[in-house]
There are 2 protein chains.
Amino acid sequence: MKTITRIDQIFLITRGIKKMVKMSDVAKLAEVSNATVSRVLSSPENVREETRKRVLESIKELNYQPNTIARSFRKMETKSILVIVPDVTNQFFSEVLRGIEQKAGENGYQVLLGNSNNDVEKEYDFLNQLRQRQADGMILLTARMKQEVIEEFSEDFPVVLACEYKEGSSIPTVSIDNISGARKATEHLINLGHKRIAHLSGPMEVILSRDRLKGYHQAMLRNELETDSVLVQEGDYSYEAGYNLMNKLCALEEPPTAVFAANDEMAIGAIKAAKENFFRVPEDIAVVGFDDIKISSIFEPSLTTVSQPKLEIGEKAMELLLKQMNFEELNRKQIVLEDKLILRQSCGFNKKKK
Amino acid sequence: MKTITRIDQIFLITRGIKKMVKMSDVAKLAEVSNATVSRVLSSPENVREETRKRVLESIKELNYQPNTIARSFRKMETKSILVIVPDVTNQFFSEVLRGIEQKAGENGYQVLLGNSNNDVEKEYDFLNQLRQRQADGMILLTARMKQEVIEEFSEDFPVVLACEYKEGSSIPTVSIDNISGARKATEHLINLGHKRIAHLSGPMEVILSRDRLKGYHQAMLRNELETDSVLVQEGDYSYEAGYNLMNKLCALEEPPTAVFAANDEMAIGAIKAAKENFFRVPEDIAVVGFDDIKISSIFEPSLTTVSQPKLEIGEKAMELLLKQMNFEELNRKQIVLEDKLILRQSCGFNKKKK
DNA sequence: GCATTTTTTGTAATCGATTACATTTATTCG
DNA sequence: CGAATAAATGTAATCGATTACAAAAAATGC
């Protein structure tokens with residue numbers, strides 16, 4: 001009966017690095033070969049019950065933890081994926097992230113978070129990280145890089161675009177139909193009788209922004225409304241941009257009676273500015289946003305907005321990525337999920353009288 | 001003059017795995033040994049200019065990317081750290097994260113994000129990930145695990161606690177003085193003339209919650225105010241908890257005239273509930289929060305709150321971790337940063353007349 | 001009981017970069 | 001110029017788990 005003491009286990013501390021128990025230590029104690037220990041861990045059904053028990057006991061006794069780096073090295077996979085977010089502090093993305101994380105966790109993948117900080121250069125850096133095998137795959141929640149680059153890259157590595165996409169490309173993508181969502185939002189304002197409707201757009205180099213603008217234009221055109229070009233203002237999806245742009249609009253000789261903002265953060269900034277300019281929302285100016293982030297329902301007036309299925313976007317994106325990493329065929333490469341217009345107070349809808 | 005075509009580079013696709021260019025390929029093309037290539041990459045000053053140039057050209061020509069897994073394996077380090085967050089969607093943490101990310105990036109470290117979802121079991125799982133060397137160190141933004149466990153763990157691996165801490169432990173920690181912060185907040189309400197002050201606390205098993213409660217009690221005691229035990233309600237830091245608890249308080253025969261909430265999310269939930277119960281904020285009920293998250297200044301009424309230096313907490317935590325990973329001595333293990341009471345409308349302060 | 005098949009275990013090569021040590025080449029200096 | 005020293009490069013072991021293949025042990029069948 002051999003007993004291993006704690007002293008035996010913890011041993012030498014050399015230059016601060018703890019000497020770890022390795023597989024061969026377990027093998028020795030259990031009086032089997034390295035291979036058998038490995039098998040107990042990865043395919044226990046091929047090991048005789050008795051041997052397996054002995055090995056497991058040794059593992060426990062030595063408190064052995066397999067060295068993931070060595071395993072990764074041998075198998076040339078990290079069991080982790082990289083998710084690139086334009087801005088970690090943005091609520092919208094953190095919910096998508098949650099969807100990704102969940103599916104990833106279920107399938108034994110770690111999520112490495114990459115914050116691009118809205119900087120394209122950073123995005124390119126992240127591609128290299130994947131090239132260097134720091135992760136097995138990648139989900140991009142922002143894609144400002146050149147189309148050719150991403151496309152070529154996606155031929156060699158598992159990549160999924162979520163939310164953003166590239167026109168006419170074959171990169172697996174999960175998103176909603178931004179054009180129709182924006183159209184719905186704008187049409188809602190039109191149906192409420194508004195004619196002078198402004199749009200606070202996102203940056204034009206981002207396709208989402210162009211799509212939402214397009215939806216806005218379509219709605220205006222279909223209803224034979226003119227769009228005064230001064231009513232379309234380009235922002236960057238930030239609260240501050242919404243606030244500043246709305247201040248501009250309020251200063252116009254003929255201010256709009258309604259505003260469709262390309263996301264909720266800008267919409268809230270806009271409402272804030274409108275109020276400060278003594279416009280009542282929704283009475284004087286109705287506002288509609290996009291995304292349905294958490295504050296939108298809490299803020300007053302609560303925000304009418306186009307709701308994206310954030311969690312589902314994350315989950316589906318991870319599913320697409322998993323399939324690629326497992327070399328499964330993708331039957332559908334472009335997944336378009338349903339958005340939904342949520343009516344709240346900021347455009348005059350009242351759930352309950354107050 | 002040897003030319004390498006794209007075909008040469010991209011080669012065989014076997015079972016979907018692209019054959020990568022490796023160091024030996026570069027060595028062969030540059031007609032040097034493996035070691036020299038390695039040196040060009042990690043200590044170029046030891047390689048003759050001419051040779052170095054030749055190697056760099058080959059690297060470029062073959063588009064060689066070092067295999068990080070192999071490097072990690074050999075050096076037994078991943079150059080990544082693990083950050084455990086109780087909830088990714090929480091604004092407060094995402095800002096701390098940004099501080100961590102920044103410092104990590106500057107020092108060549110990747111940030112692996114772990115979402116514990118407020119589940120202790122998950123936290124224990126993350127410890128094992130570190131044991132298995134998935135990362136070189138770990139920052140805990142939540143620490144519900146048993147003190148002994150974390151402490152023993154922290155002897156073998158680089159760990160930093162941020163925001164949370166463990167009493168009388170020697171684990172490196174970055175935080176503010178929550179007791180004094182809470183006391184300040186409560187005293188502010190007392191100075192405004194409030195006597196019946198409620199407290200919406202966090203879960204009692206979290207030390208932050210206990211500290212903030214303690215600060216509240218201290219302030220009351222010092223000012224010889226009685227604390228009606230029905231006025232202290234335990235929540236879980238969520239908007240919903242604040243909302244529900246405030247509904248309870250409003251239904252009291254003698255409702256409080258002021259509320260100190262243990263964080264901003266609960267404070268905002270509380271204001272929302274107060275309003276729905278026809279209490280005006282701050283006229284009928286003054287509210288103070290804790291954390292100073294972004295919405296707090298946007299929400300109406302804007303929220304008086306104790307501001308934590310979120311970014312700095314993240315940076316300092318990463319600095320402590322870096323020192324541990326580099327086996328440097330820590331001169332100070334417990335870092336306490338300054339908080340600041342920010343006066344806004346929710347307790348009757350008006351920056352500008354409206 | 002012995003040949004055949006099946007199951008279990010062991011042996012040793014392998015993944016790709018790093019690095020201690022050995023060797024070669026270049027430089028310095030009397 | 002040649003010895004001594006310094007600089008540049010090469011050789012080969014190494015990190016720890018996995019796995020193809022070989023060998024041994026157990027089970028089966030006649």
Side-chain angles (χ1 to χ4, degrees), chain A residues 11-12 14-15 17-56 58-59 62-79 108 131-134 136, chain B residues 11-12 14-15 17-56 58-59 62-79 108 131-134 136:
Chain A
F11 5 57
L12 340 151
T14 324
R15 264 192 299 142
I17 299 167
K18 195 175 107 186
K19 194 100 173 80
M20 298 298 288
V21 179
K22 53 179 124 163
M23 194 173 265
S24 57
D25 299 326
V26 176
K28 207 179 293 172
L29 180 62
E31 295 175 306
V32 295
S33 75
N34 243 343
T36 301
V37 178
S38 178
R39 277 188 284 255
V40 167
L41 257 30
S42 50
S43 56
E45 69 277 10
N46 304 329
V47 179
R48 190 154 50 106
E49 163 100 39
E50 191 197 312
T51 318
R52 196 192 321 154
K53 246 182 72 186
R54 198 147 35 91
V55 170
L56 286 174
S58 303
I59 286 177
L62 294 172
N63 189 26
Y64 166 72
Q65 297 283 132
N67 184 322
T68 326
I69 307 182
R71 177 179 293 167
S72 284
F73 173 58
R74 176 58 224 246
K75 301 181 101 178
M76 279 305 151
E77 66 177 13
T78 61
K79 278 288 175 186
R131 282 210 184 86
Q132 294 168 7
R133 312 301 195 101
Q134 300 234 43
D136 301 341
Chain B
F11 3 60
L12 339 151
T14 323
R15 265 193 297 144
I17 298 168
K18 195 174 107 185
K19 194 99 174 77
M20 298 298 288
V21 179
K22 53 178 124 164
M23 193 173 265
S24 57
D25 298 326
V26 175
K28 207 179 294 171
L29 180 61
E31 294 175 305
V32 294
S33 75
N34 244 346
T36 300
V37 179
S38 179
R39 277 189 283 255
V40 167
L41 257 30
S42 51
S43 57
E45 68 278 11
N46 300 331
V47 179
R48 190 155 50 106
E49 163 100 41
E50 189 199 313
T51 318
R52 197 192 321 154
K53 245 181 73 187
R54 196 147 36 91
V55 170
L56 287 174
S58 303
I59 286 177
L62 294 171
N63 189 25
Y64 165 72
Q65 297 283 131
N67 184 321
T68 326
I69 307 181
R71 176 180 292 166
S72 285
F73 173 57
R74 176 57 223 244
K75 301 181 102 178
M76 276 308 152
E77 67 177 12
T78 60
K79 279 286 174 184
R131 282 210 184 85
Q132 294 169 7
R133 311 302 193 100
Q134 301 233 43
D136 302 341

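Within every chain, numbering begins at 1; the chains are lettered A, B, ... in the order of the sequence lines, protein sequences first and strands thereafter. Bear in mind that the values here come from a model prediction, so they are computed numbers and not experimental data. Just so it is clear, the values below take in all heavy atoms, side chains as well, and ignore hydrogens, waters and symmetry mates.
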*asked:* Is the shortest side-chain heavy-atom distance between B:M20 and A:M76 below 4.5 Å?
replied: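 Side-chain contact under 4.5 Å: no.
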Straight-line distance of [X] [atom1] to [Y] [atom2], nearest 0.5 Å:
X	Y	atom1	atom2	value
A:L41	A:R52	CG	CZ	12.0 Å
A:S72	B:R133	OG	CZ	13.5 Å
B:S58	B:M23	OG	CE	12.5 Å
B:I69	A:K75	CD1	NZ	12.0 Å
A:Q134	B:N67	CD	CG	10.0 Å
A:L56	A:T51	CG	OG1	10.5 Å

Item to complete: Remember a base hit wins even if backbone is also touched, and classify B:R71 as base, sugar-phosphate or nothing at under 4.0 Å, heavy atoms.
Response: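 Result for B:R71 = sugar-phosphate.
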Output yes when at least one side-chain N/O atom of B:K75 is less than 4.0 Å from OP1 or OP2 of C:dT18, else no.
->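 No.
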When you check the phosphate oxygens OP1 and OP2 of C:dA17, does a side-chain N or O of B:Y64 lie under 4.0 Å from one of them?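 Answer is yes, contact under 4.0 Å.
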Closest to the B:M76 side chain, choosing from D:dA17, D:dT14, D:dG16
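My answer, after comparing the listed nucleotides, is D:dG16.
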Next item on the list: Name all residues meeting the side chain to side chain contact (heavy atoms under 4.5 Å, CB included) criterion together with A:R74; count only those two or more places apart in sequence or in a different chain, and write none if there are none.
Entry: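 Listed in chain order: nothing, the list is empty.
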Rounding to an integer number of Å, can you tell me how far [X] [atom1] sits from [N] [atom2]?
X	N	atom1	atom2	result
A:M20	D:dG16	CE	P	10 Å
B:M23	C:dG16	CE	P	12 Å
A:E77	D:dT18	CD	P	11 Å
B:K22	C:dT14	NZ	P	11 Å
B:R133	D:dA17	CZ	P	11 Å
B:L41	C:dT18	CG	P	7 Å
A:R74	C:dC15	CZ	P	8 Å
B:Q132	D:dG16	CD	P	15 Å

Side chain B:S38, main chain B:N34, donor-acceptor under 3.5 Å =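 No: the side chain of B:S38 does not pair with the backbone of B:N34.
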* Take the C1' atoms of the five end pairs on each side of the helix from C:dG1-D:dC30 to C:dG30-D:dC1, get both axes, and report the angle to 10 degrees. =>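 One end's axis against the other's: 40°.
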Report each atom pair, protein N/O against N/O of nucleotides 6-12 of chain D, whose distance is under 3.5 angstrom.
residue, atom, partner, partner atom, Å
D:dA8, O3', B:R48, NE, 3.4
D:dT9, OP1, B:R48, NE, 3.3
D:dT9, OP1, B:R48, NH2, 3.2
D:dT9, OP1, B:T51, OG1, 2.1
D:dT9, OP2, B:R48, N, 2.9
D:dT9, OP2, B:T51, OG1, 3.4
D:dG10, OP2, B:S33, N, 2.6
D:dG10, OP2, B:S33, OG, 3.1
D:dG10, OP2, B:T36, OG1, 2.8
D:dG10, N7, B:R39, NH2, 2.8
D:dG10, O6, B:R39, NH1, 3.2

